[in-house]
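A, B, ... follow the sequence lines: proteins, then strands. Residue 1 opens every chain. All values below were derived from every heavy atom in this structure, side-chain atoms included, with hydrogens, water molecules and symmetry-related copies excluded.
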Number of protein chains: 2
Amino acid sequence: MAREKDVRECSIARTLDVIGDRWTVLAIRELMLGNRRFDAIASRTGAPRDILTTRLRKLEASGLVTREQYQERPPRSEYQLTDLGWSLQPVLTTLRDWGDRHLAGPDGPPAVFVHSCGEVLEPTLVCAHCGEVPDRNSLTQRV
Amino acid sequence: MAREKDVRECSIARTLDVIGDRWTVLAIRELMLGNRRFDAIASRTGAPRDILTTRLRKLEASGLVTREQYQERPPRSEYQLTDLGWSLQPVLTTLRDWGDRHLAGPDGPPAVFVHSCGEVLEPTLVCAHCGEVPDRNSLTQRV
DNA sequence: CTACTGGGTTTGAATATCAAACTCAGAGCG
DNA sequence: CGCTCTGAGTTTGATATTCAAACCCAGTAG
């Protein structure tokens with residue numbers, strides 16, 4: 001009989017519990033680009049407003065985003081990423097980079113980041129210990 | 001009136017069109033860990049079987065995965081990542097790394113990769129031009 | 001007075017998800 | 001032979017989610 005308890009415990013799955021949703025990721029993208037207002041996030045992501053509400057509430061509950069009411073009547077709030085939220089930048093960067101490399105966009109890469117070295121950021125994942133770019137053959141899985 | 005045409009064209013969104021789904025990402029994880037069989041992927045990810053079928057078909061259609069029938073009767077197939085599929089490794093790696101750093105797991109990090117330098121892979125995103133680790137302050141957005 | 005803005009909530013129909021049961025064609029066992 | 005198991009799905013039917021569009025409320029601009 002099937003055991004059904006062999007689902008893999010995994011940091012990837014745990015991360016997806018937090019940001020494993022299109023509108024969540026796109027909302028974080030907008031926040032990283034400096035948009036703090038609900039309407040701006042809604043229209044730039046295309047997310048339905050009610051869905052966006054639940055996603056932002058969940059991001060707040062997860063500590064990635066703060067909601068600050070900057071006005072009482074009528075209630076107006078703005079959203080900002082916490083440090084924890086900003087720590088997702090490598091995730092968004094690799095997502096963007098993969099799309100840039102492999103998926104054709106009508107107008108080329110959007111929302112480009114320029115690094116302080118003067119060049120457009122071309123992110124590369126390296127091994128922190130030796131500085132080399134790991135590839136499929138230089139990695140061994142240890143499960 | 002709202003324009004509604006100001007949804008941001010974006011490589012992140014395009015990437016999410018391809019892999020913006022929990023079961024899709026977890027299936028790719030299993031394929032990277034060497035599981036080729038439908039049942040193995042289903043039980044290690046916990047994905048419902050019908051959903052997994054549609055996800056694998058879509059991955060195949062997107063060119064990330066090949067399905068090879070290794071037996072006719074009864075039909076038995078195995079799945080493998082293409083080079084394009086393997087090119088998602090930085091994405092999965094940053095997802096895993098973020099979970100490792102920020103989300104508590106009951107048994108610590110799973111499915112660890114060991115780099116050929118001998119150390120457990122601790123991935124870092126650097127600027128390909130100058131080799132420095134970019135942070136929030138060294139980046140300028142160019143939208 | 002009217003229109004608009006901002007940050008939502010409500011509504012109701014369309015879709016997607018899910019667990020569990022089922023299918024089909026063999027293989028292994030006794 | 002009869003029985004069960006495996007593998008790769010498909011089917012079923014109940015539940016949950018998504019979505020677009022309309023609505024709400026309090027204030028501001030004209």
*asked:* Without decimals, in angstroms, what is the distance between B:Asp21 CG and C:dT17 P?
replied: 7 Å
*So, is B:Arg55 close to the C:dT17 phosphate, meaning a side-chain N or O under 4.0 Å from OP1 or OP2?*
yes
*Rounded to the Å, how far apart are B:Asn35 CG and D:dA8 C1'?*
15 Å
*Once you round it to whole Å, what is the distance between P of D:dG7 and CD1 of B:Ile41?*
13 Å
*Which pairs, with at least one residue in residues 74-92 of chain A and sequence neighbours excluded, count as a salt bridge (Lys or Arg N to Asp or Glu O under 4.0 Å)?*
A:Asp83-B:Arg136
*Do A:Arg49 and A:Asp39 meet the salt-bridge criterion of a basic N to acidic O distance under 4.0 Å?*
yes
*Atom-to-atom span, CD of B:Glu78 to P of D:dA8 - whole angstrom*: 9 Å
*Measure from CZ on B:Arg36 to C1' on D:dG9 and round the result to the nearest Å.*
20 Å
*Residue whose closest nucleotide on DNA chain D lies nearer the 5' end, A:Thr54 versus A:Pro75*: A:Thr54
*Under 3.5 Å, is there a donor-acceptor pair between the B:Trp98 and A:Ser87 side chains?*
yes
_Charged N-O contact under 4.0 Å between A:Glu9 and A:Arg14_ = yes
*Is B:Arg57 touching bases, backbone alone, or none of the nucleic acid, heavy atoms closer than 4.0 Å?*
sugar-phosphate
*asked:* Within the 4.5 Å heavy-atom criterion, are B:Val7 and A:Arg44 side-chain neighbours or not?
replied: no
_Check against side chain to side chain contact (heavy atoms under 4.5 Å, CB included), B:Val65 and B:Gln80_ = CA-CA 5 Å; B:Val65 158; B:Gln80 274 183 88; over 6 Å; no
*Tell me what A:Arg22 touches on the nucleic acid: a base, only sugar-phosphate, or nothing, going by heavy atoms under 4.0 Å.*
nothing
_Any residue meeting salt bridge (charged side-chain N to carboxylate O under 4.0 Å, His left out) with A:Arg57, in chain and number order, not counting sequence neighbours_ = none
_Whole angstrom value for the distance that separates C1' of D:dT10 from CG of B:Leu56_ = 15 Å
*Counting only side-chain N and O atoms of A:Tyr79, is one of them less than 4.0 Å from OP1 or OP2 of C:dG6?*
no
*How close or far is atom C1' of D:dT28 from atom CD of A:Gln71, stated in whole angstroms?*
10 Å
*A:Arg67 vs C:dG8: side-chain N/O to OP1/OP2 distance below 4.0 Å*: yes
*Rounded to the nearest angstrom, tell me the gap between atom CD in A:Gln69 and atom P in C:dG8.*
8 Å
*Please state whether the base of C:dG7 and the side chain of A:Arg76 form at least one donor-acceptor pair under 3.5 Å?*
no
Look for any protein N or O under 3.5 Å of an N or O in nucleotides 18-23 of chain C and output each such pair with its distance, or none.
| residue | atom | partner | partner atom | Å |
| --- | --- | --- | --- | --- |
| C:dC18 | OP2 | B:Trp23 | NE1 | 2.6 |
| C:dC18 | N4 | B:Asp50 | OD2 | 3.4 |
| C:dA19 | N6 | B:Asp50 | OD2 | 3.4 |

*Does a nitrogen or oxygen in the side chain of B:Ser77 sit under 4.0 Å from OP1 or OP2 of D:dG9?*
yes
